[in-house]
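Report on the following structure.
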Amino acid sequence: MSVSITAAAALLEAGALVAFPTETVYGLGADAENPQAVARIYQAKGRPSDHPVIVHVAPGADLAHWCDDLPPQATQLVTAFWPGPLTLIVKRAAHIPDAVSGGQDTVGLRCPSHPVAIELLAAFKGGKGGVAAPSANKFGNVSPTTAQHVRDEFQAELDSGLLGAVLDGGQSAVGIESTIVDLSRLATHGPVLLRPGHISGEQIAAVIGQLPALPDAAAPRASGTLDSHYAPHTPVAMQHADLLGETLNQLLNAGRRVALIHYSEMPPASASVRLAADPASYAHALYASLRTMDQVGAELILVEAPPTGADWLGVNDRLRRAAFGSTGILQQFLGL
Ligand code: TXA
Ligand code: MG
């Protein structure tokens with residue numbers, strides 16, 4: 001169903017689910033202060049209920065409503081990067097439902113920059129509410145970067161009314177999920193980068209004067225940090241540019257149907273998509289490309305491994321997780 005932003009805000013206020021565009025990926029939203037509404041997110045996604053969801057707030061929102069003890073670093077990062085693709089993990093205020101925090105003592109906060117998301121958040125509860133929203137995909141799948149991706153993923157839930165509406169805001173500009181930085185354990189761990197994204201650790205360091213550490217085993221649970229996540233249904237394997245042409249020929253000669261995602265000049269595959277060799281354009285197109293290549297009837301999606309520089313951290317993180325569940329597939333197909 002296509003509805004106005006005012007109608008979508010009213011649906012959220014009534015406890016319904018609304019999918020909406022953000023600059024990173026589409027979100028599956030519910031009123032963060034209504035535990036029954038948040039429970040519907042888990043039901044629709046098929047997601048374990050101990051995984052916390054990010055609370056999306058309007059520009060200028062009173063963060064004291066959502067968290068306890070806001071550290072100065074949070075205020076600095078909000079000033080520098082909001083609205084934008086950065087999620088802050090901070091100590092949560094007591095009234096935040098367990099369904100939002102996954103039972104942890106923290107909450108993830110983000111103010112997205114997509115104009116439709118901003119309008120929705122400004123209309124919802126007069127800009128004073130929070131919309132809990134994970135990416136609008138079934139648990140473990142590739143995140144959606146268009147409204148059509150969301151409708152493809154949740155057609156049954158749209159038909160049953162579990163999902164009230166999908167707002168269409170075109171293709172998400174960033175294309176991979178927000179950077180997540182944990183500021184909830186500063187005294188003991190310093191800032192921790194839980195998920196790399198468009199805003200880099202170096203950019204964060206330039207604002208707060210400290211480079212966020214990479215997560216350790218004691219880091220809070222984040223489903224986006226599971227080894228296998230963001231994965232298409234077709235197996236995914238990564239291969240470096242210098243070996244890729246040879247591998248591709250061997251697979252095709254063995255009669256395998258191979259879909260190729262590459263950025264260098266490569267021989268033809270059963271289907272292929274060539275992405276730009278810069279990290280922002282690559283990220284923008286990555287999930288849509290994985291979805292397209294998932295639908296061409298290939299047995300394998302072969303991905304040219306991107307460069308390993310700091311700018312490529314977000315892209316490499318998502319590809320590694322997409323390929324994790326099919327570790328060993330290339331060797332198997334090549335009979336090694
Ligand atoms: O770009 C994004 O962040 C998108 C859009 C819709 O805003 N949202 C998104 O949500 O990617 P989701 O739920 O798919 O991923 C959010 C990640 C999960 O890995 C979740 O576990 C983690 O954030 N997270 C949320 N609250 C947390 C908390 N309090 N502590 C640790 N991790 C948290
Ligand atoms: Mg997700």
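Both backbone and side-chain heavy atoms feed into the values below; hydrogens, waters and symmetry mates do not. We count ligands from 1, going down the list as the structure has it; atoms in each ligand are counted the same way. Note that this is a predicted model, so its numbers are computed, not measured.
- Residue contact check: V107 has heavy atoms under 4.0 Å from atoms 29 (N) of ligand 1.
- Only the side chain of R47 comes within 4.0 Å of ligand 1, counting heavy atoms alone; its backbone N, CA, C and O stay farther away.
- The distance from the Mg ion (ligand 2) to the nearest N/O/S atom of S135 is under 2.8 Å.
- At a heavy-atom distance under 4.0 Å, only side-chain atoms of I180, from C-beta outward, approach ligand 1.
- The contact set between ligand 1 and T24, taken as ligand atoms under 4.0 Å from a residue heavy atom, comprises 1 (O), 2 (C), 4 (C), 5 (C).
- A centroid separation of 6.0 Å or more is found between the aromatic rings of Y287 and H149.
- A salt bridge links R92 to D98: one of the charged nitrogens lies within less than 4.0 Å of a carboxylate oxygen.
- Checked against the 6.0 Å centroid threshold, F139 and H51 count as a close aromatic pair.
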Stepwise side chain to side chain donor-acceptor pair (under 3.5 Å) check, R195 with T179: CA-CA 5 Å; R195 183 171 70 185; T179 304; over 6 Å; no
Only distances under 3.5 Å count here; give the side-chain donor-acceptor pairs of residues 72-83 to other protein atoms, sequence neighbours excluded, each with its distance to 0.1 Å.
from : atom 1 : to  : atom 2 : distance (Å)
T79  : OG1    : T75 : O      : 2.8
W82  : NE1    : L86 : O      : 3.0

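- Grouping the Ile, Leu, Val, Met, Phe, Trp and Tyr side chains by contacts below 4.5 angstrom, directly or via other members, places I54 apart from L120.
- Ion pairing between E23 and R110 holds under the 4.0 Å rule for side-chain N and carboxylate O.
- The ligand atoms of ligand 1 that sit less than 4.0 angstrom from a heavy atom of R195 are 2 (C), 3 (O), 9 (C), 11 (O), 15 (O), 16 (C), 17 (C).
- Summarising the contacts of atom 10 (O) of ligand 1 with P134, S101, A132, G108, the nearest heavy atom is found in P134.
- Between R110 and ligand 1 there is a heavy-atom distance shorter than 4.0 Å.
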CA sep, side-chain torsions, deciding dist, call: K138, E153, salt bridge (Lys or Arg N to Asp or Glu O under 4.0 Å): CA-CA 7 Å; K138 298 278 181 177; E153 197 106 2; over 6 Å; no
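- Near S178, the atoms of ligand 1 lying under 4.0 angstrom from a non-hydrogen atom of the residue are 1 (O), 2 (C), 3 (O).
- Between T22 and ligand 1, no N or O atom pair is found at a separation short of 3.5 Å.
- Against a heavy-atom cut-off of under 4.0 Å, T106 is close to the following atoms of ligand 1: 28 (C), 29 (N), 30 (N).
- Checking T24 against E177 by side-chain atom types alone, no donor-acceptor pair falls below 3.5 Å.
- No side-chain donor from either of H233 and Q295 sits under 3.5 Å from a side-chain acceptor of the other.
- When each atom of ligand 1 is checked for a heavy atom of G27 under 4.0 Å away, the hits are 6 (C).
- Neither the backbone nor the side chain of H51 has a heavy atom within less than 4.0 Å of ligand 1.
- Close contacts of ligand 1 with H56, meaning ligand atoms under 4.0 Å from a residue heavy atom, involve 5 (C), 6 (C), 7 (O).
- Contacts with ligand 1 closer than 4.0 Å are made by side-chain heavy atoms of I89 only, the backbone lying farther away.
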